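Numbered from 1 within each chain, the chains take letters A, B, ... in sequence-line order. Everything quoted here is computed from the prediction, not taken from an experiment.
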2 protein chains.
Amino acid sequence: MSTVDGIEEPVFSAWGPKPASAHECNQSLQAVQDALYVLNGKWKLPIIIALDNGASRFGEIQRAVNGITPRVLSKELKDLEMNEFIVRRVYPTTPVSIEYELTDYSATLQGVTEALRNWGIQHRERILKRN
Amino acid sequence: MSTVDGIEEPVFSAWGPKPASAHECNQSLQAVQDALYVLNGKWKLPIIIALDNGASRFGEIQRAVNGITPRVLSKELKDLEMNEFIVRRVYPTTPVSIEYELTDYSATLQGVTEALRNWGIQHRERILKRN
DNA sequence: CGGAATCCCAAAAGATACTG
DNA sequence: CAGTATCTTTTGGGATTCCG
């Protein structure tokens, strides 16, 4: 993999800074696998985005996220709470009102959601154009 | 939602450009759901990254992606081919050799993988620190 | 309204073995 | 090497009901 005089260094792609060492490759790949581990499934990021868009009540979130059932939403909210992406607040009104709120830590996901949103937009256009 | 003199504009978060209209919120959320639809599961992005890191043969990919079984890898590769992220090339050597290669379109995922990688790295550190 | 509980099914994924 | 076949387990998620 080292550059030999007069021989072009192989260009792997337009992607990362470089292929770098095999070790760094594995690290990078492992990081993505780590990320996908906590963000698994099709609901977690959409829920976080819904909360960011202003939803806070269970029903609001359910309406915002296309197609999720209460059963699944309930479970996902617990997951997100465990991973410290949201907090669940109970207000002693009558009847009690419950609000979900993003934590500061969830803000670190900004780059991820932004990248996914941008990619999703152009991907959708591409699909529509093809048909 | 417009700024009134002397009254702070409500800040929803440190995220997107703005909450904007409910319509735009839904669009943004839908875009992410679109993206997650084709990138679903824990394997697709890691496989793409492995390919980008230089792997091209079935066995290489399997070794690069931590924990994937041949059965699942086979299925995921077909999915990725269908979605035009990779191409499968058969070379008439003896025995035949088969190579998987990223398409140009897969390069559009660069932003997504980079964001996930960066987030994954700091998330891992956070978890390790907490324990 | 905001869930929890239960039941159930289908799809996804893992383990292992095997083949051209 | 590049998968397939088979089997088992796990997960996701729909439907429905119930509760405070």
Terminal axes of the helix from dC1(C)-dG20(D) to dG20(C)-dC1(D) (five pairs each): angle between them, nearest 10 degrees: 40°
Gln122(B)-Asn118(B) side chain donor-acceptor pair, cut-off 3.5 Å: no
d(CD, Gln62(A); C1', dG2(C)) in whole Å: 10 Å
N or O in side chain of Tyr91(A) less than 4.0 angstrom from dG2(C) OP1/OP2: no
Taking N or O atoms only and anything under 3.5 Å, show me the protein contacts with nucleotides 7-13 of chain C, one pair per line.
unit_1	atom_1	unit_2	atom_2	d
dC7(C)	N4	Arg71(A)	NH2	2.9

Side chain Thr103(B), main chain Glu84(B), donor-acceptor under 3.5 Å: yes
Atom-to-atom span, CZ of Phe58(A) to C1' of dG3(C) - whole angstrom: 6 Å
Any donor-acceptor pair under 3.5 Å from Glu81(A) side chain to Lys78(A) backbone: no
Side-chain (Glu60(A)) to main-chain (Ser56(A)) donor-acceptor, under 3.5 angstrom: yes
Geometric class of the His123(B)/Tyr105(A) ring pair [parallel <30°, tilted 30-60°, perpendicular >60°]: parallel
Ion pair check, Lys42(A) and Glu76(A), cut-off under 4.0 Å: no
Whichever of Lys44(A) and Glu60(B) has its nearest DNA chain D nucleotide further upstream toward 5': Glu60(B)
Beyond-backbone contact of Ile127(A) with Asp34(B), side-chain heavy atoms, under 4.5 angstrom: no
Joint hydrophobic cluster, Ile47(B) plus Val87(B), side-chain heavy atoms closer than 4.5 Å: no
Where chain A begins and ends its contact with DNA chain D, read 5' to 3' at 4.0 Å from heavy atoms: dG12(D) to dA15(D)
Value in whole Å for how far the P atom of dG3(C) lies from CD1 of Ile68(A): 13 Å
Minimum heavy-atom distance between Val65(A) and Pro46(A), given as atom pair plus value: CG2-O, 3.9 Å
Side-chain donor/acceptor of Lys44(A) to backbone N/O of Asn40(A), under 3.5 Å: yes
Donor-acceptor contact below 3.5 Å, side chain Arg57(A) vs main chain Ile98(A): yes
N or O in side chain of Arg57(A) less than 4.0 angstrom from dG2(C) OP1/OP2: yes
Length of the CD-P vector between Glu81(A) and dG2(C), whole Å: 16 Å
